[in-house]
Protein chains: 2
Amino acid sequence: MTSSPRSPGRPRAGIDDEVFAAALRTVDELGYPGATMDRIAAAAGVAKTTLYRRWPSKGALITDCLIHTFGPLPPADDALIETAIRWLAGKISEPGVGAAFAGVFVDAYSDPTLRELLSTRFQAPYLEALQAKLDQPEAEILLLIDVVAGTMLHRMGITGSPMAKTDVTALTDMVLGHFTGGRRSRTR
Amino acid sequence: MTSSPRSPGRPRAGIDDEVFAAALRTVDELGYPGATMDRIAAAAGVAKTTLYRRWPSKGALITDCLIHTFGPLPPADDALIETAIRWLAGKISEPGVGAAFAGVFVDAYSDPTLRELLSTRFQAPYLEALQAKLDQPEAEILLLIDVVAGTMLHRMGITGSPMAKTDVTALTDMVLGHFTGGRRSRTR
DNA sequence: CAAGTTTCGCTACCGTTGGTATCGATACCG
DNA sequence: CGGTATCGATACCAACGGTAGCGAAACTTG
């Protein structure tokens, strides 16, 4: 009684994966503004109205897409911060991901609803995971996230392409220097 | 003969200051997407066609507005990086500036023309100024800019309000730790 | 003063986009 | 079978960035 096994009516078709893939493909080809809801729908072989039946806005769709694409933080026994930074850099480099990330971020800049979604559904899990494993106050973890994500997005916005490995290393170095009390963690 | 003292025809009215102020006011009130060219024109007491006669696009107008608002890097005899970071944090906190900054940045994400403008006219002068005073390779200066601006914009995008002083201090600490070889510059 | 030239404000207009409404058809439950 | 909810399709709307064309205004030059 706690959960009805199924509700009446036609069941929803399992199209989420297809839609997410189509969204990333379209964003990669045409950029975030060019990735129209019409075009995403067409690329996914789905009607636009179906998209709006499931996601309240384009931003919400892309946010869901990002959540699905990024998935959980990879496990790291030892060098958590290094691992997380390189993981994020790798994800952002995947086709469409960086542009989608930046685009939804910009949308959220002036849409409180979307900002809430982005903060609660996308960022919060990573915040909690980091907080659980890193013995640091919340403010420091939030700064860590701002620095890492902000830097990569800024770089991609200015240059149009993701960060080079060298710079990712430098960024890692800089962050680690702060979080390990000024000592370098190791020369790798 | 090198320069004609004045060309024939009706001279352009000196409305730039008024337009920039109106743009920031409007962005502050309604956000970047809400700051329509119609509304900016109305707020400045100017026709929309006049705006398009001077700036080729909304992004170009806002970019010019930012250049005008930020002005040159403040002089700093000693603690250049600290001064620059706090100066940037202060500017971004001014009403409308942060949102305008982020908005034009997002536009540039998918508009190569605007990206070029932003990179050449807005970022380049600061890059050169920093490079002249800081004995660092260009890649490091670029990273510095990405980290500082990216972090502040990311924070503002997620929370909706500019960075608190405490966090600016922490960010400064982190950046300085990297640029002074791991040593803190001083306890302030 | 009269041309000539450029900018002004104004209105009207266009294409695109996010998002909505409505429809018959379809797929499930009881 | 009836009820219900989703599907695709079409049509539609308001808003926005940007453009075209106009007569009026403000200059420079003759």
Side-chain angles (χ1 to χ4, degrees), chain A residues 1 3-16 18-19 22-23 26-27 30-65 100 103-104 106-114 117, chain B residues 1 3-16 18-19 22-23 26-27 29-65 100 103-104 106-111 113-114 117:
Chain A
M1 192 183 182
S3 70
S4 49
R6 188 169 281 187
S7 42
R10 176 176 180 170
R12 289 194 160 182
I15 58 170
D16 288 23
E18 198 65 39
V19 170
T26 312
V27 169
L30 307 168
Y32 184 83
T36 304
M37 288 297 262
D38 284 280
R39 278 199 262 250
I40 294 176
V46 158
K48 185 172 76 160
T49 45
T50 300
L51 296 186
Y52 278 104
R53 205 172 287 120
R54 305 198 180 195
W55 293 277
S57 69
K58 174 180 171 179
L61 191 162
I62 303 291
T63 302
D64 246 26
C65 175
V104 77
V106 169
D107 271 10
Y109 228 95
S110 49
D111 180 349
T113 305
L114 187 56
L117 195 71
Chain B
M1 193 182 184
S3 71
S4 50
R6 187 169 281 186
S7 43
R10 176 175 178 168
R12 290 196 159 180
I15 58 169
D16 288 21
E18 198 66 38
V19 170
T26 312
V27 169
E29 284 175 21
L30 307 169
Y32 184 84
T36 305
M37 288 296 262
D38 284 279
R39 279 199 263 253
I40 294 176
V46 158
K48 185 172 74 160
T49 45
T50 300
L51 296 186
Y52 278 103
R53 205 172 286 119
R54 304 197 181 196
W55 293 276
S57 69
K58 174 180 169 180
L61 191 161
I62 302 292
T63 302
D64 246 28
C65 176
V104 76
V106 170
D107 271 10
Y109 229 95
S110 49
D111 180 348
T113 305
L114 187 56
L117 195 72

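It should be emphasised that the depicted structure is a prediction, and the values quoted were computed from it without experimental measurement. Below, read A as the first sequence line, B as the second, and so on, with proteins coming before strands; counting in each chain starts at 1.
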ask   = Is the cationic atom of Lys58(A) (NZ for Lys, CZ for Arg) positioned less than 6.0 Å from the six-membered ring centroid of Tyr32(A) and within 45 degrees of its normal?
value =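 Yes, cation above the ring, under 6.0 Å and within 45°.
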Distance in angstrom units between [X] [atom1] and [N] [atom2], rounded:
| X | N | atom1 | atom2 | answer |
| --- | --- | --- | --- | --- |
| Met37(B) | dC13(C) | CE | P | 22 Å |
| Leu114(A) | dG18(C) | CG | C1' | 13 Å |
| Asp107(B) | dC16(D) | CG | P | 14 Å |
| Ile40(B) | dC16(D) | CD1 | P | 11 Å |
| Lys58(A) | dT16(C) | NZ | P | 15 Å |
| Glu18(A) | dC7(D) | CD | P | 14 Å |
| Arg54(B) | dT6(C) | CZ | P | 16 Å |
| Arg39(A) | dG18(C) | CZ | C1' | 13 Å |

message = With a 4.0 Å cut-off on N to O distance, would you call Asp16(A) and Arg54(A) a salt bridge?
response =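 Judged by the 4.0 Å cut-off on N to carboxylate O distance, Asp16(A) and Arg54(A) do form a salt bridge.
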Selection from [options] that lies nearest to any side-chain heavy atom of [X]:
| X | options | value |
| --- | --- | --- |
| Pro8(B) | dG8(D), dC7(D), dT28(D) | dT28(D) |
| Thr50(B) | dG9(C), dT7(C), dC7(D) | dG9(C) |
| Ala13(A) | dC7(D), dG9(C), dC8(C) | dC7(D) |

task = Check whether any side-chain nitrogen or oxygen of Arg53(A) sits under 4.0 Å from OP1 or OP2 of dC7(D), and answer yes or no.
result =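 Yes, Arg53(A) has a side-chain N/O under 4.0 Å of OP1/OP2 on dC7(D).
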message = Looking at every non-hydrogen atom in both residues, tell me the closest pair between Ala108(A) and Leu114(A) and how far apart they are.
response =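 Answer, listing the atom of Ala108(A) first, then Leu114(A): N-CD2, 3.7 Å.
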query = More 5' along DNA chain D: Tyr52(B) or Gly9(B), using each one's nearest nucleotide?
reply =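 Result: Tyr52(B).
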query = Pick the nucleotide of DNA chain D nearest each of Gly59(B) and Pro11(B); which residue has the one closer to the 5' end?
reply =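 Counting from the 5' end, the first nearest nucleotide belongs to Gly59(B).
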task = Please determine which of Thr63(B), Asp64(B), Leu61(B) meets the side chain to side chain contact (heavy atoms under 4.5 Å, CB included) test together with Val104(B).
result =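 The residue from Thr63(B), Asp64(B), Leu61(B) that satisfies side chain to side chain contact (heavy atoms under 4.5 Å, CB included) with Val104(B) turns out to be Thr63(B).
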inquiry  = side chain to side chain contact (heavy atoms under 4.5 Å, CB included) for Trp55(A) and Val19(A)? Distances and angles first, verdict last.
reply    = CA-CA 11 Å; Trp55(A) 293 277; Val19(A) 170; 4.0 Å; yes
request  = Between Arg10(B) and Thr49(B), just flag the one whose closest nucleotide in DNA chain C comes earlier from the 5' side.
outcome  =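 Its nearest nucleotide lies further toward 5', so the answer is Arg10(B).
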request  = Go through the N and O atoms of the side chain of Lys48(A) and the base of dG8(D), and report whether any donor-acceptor pair is under 3.5 Å.
outcome  =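 Per atom types, no contact qualifies.
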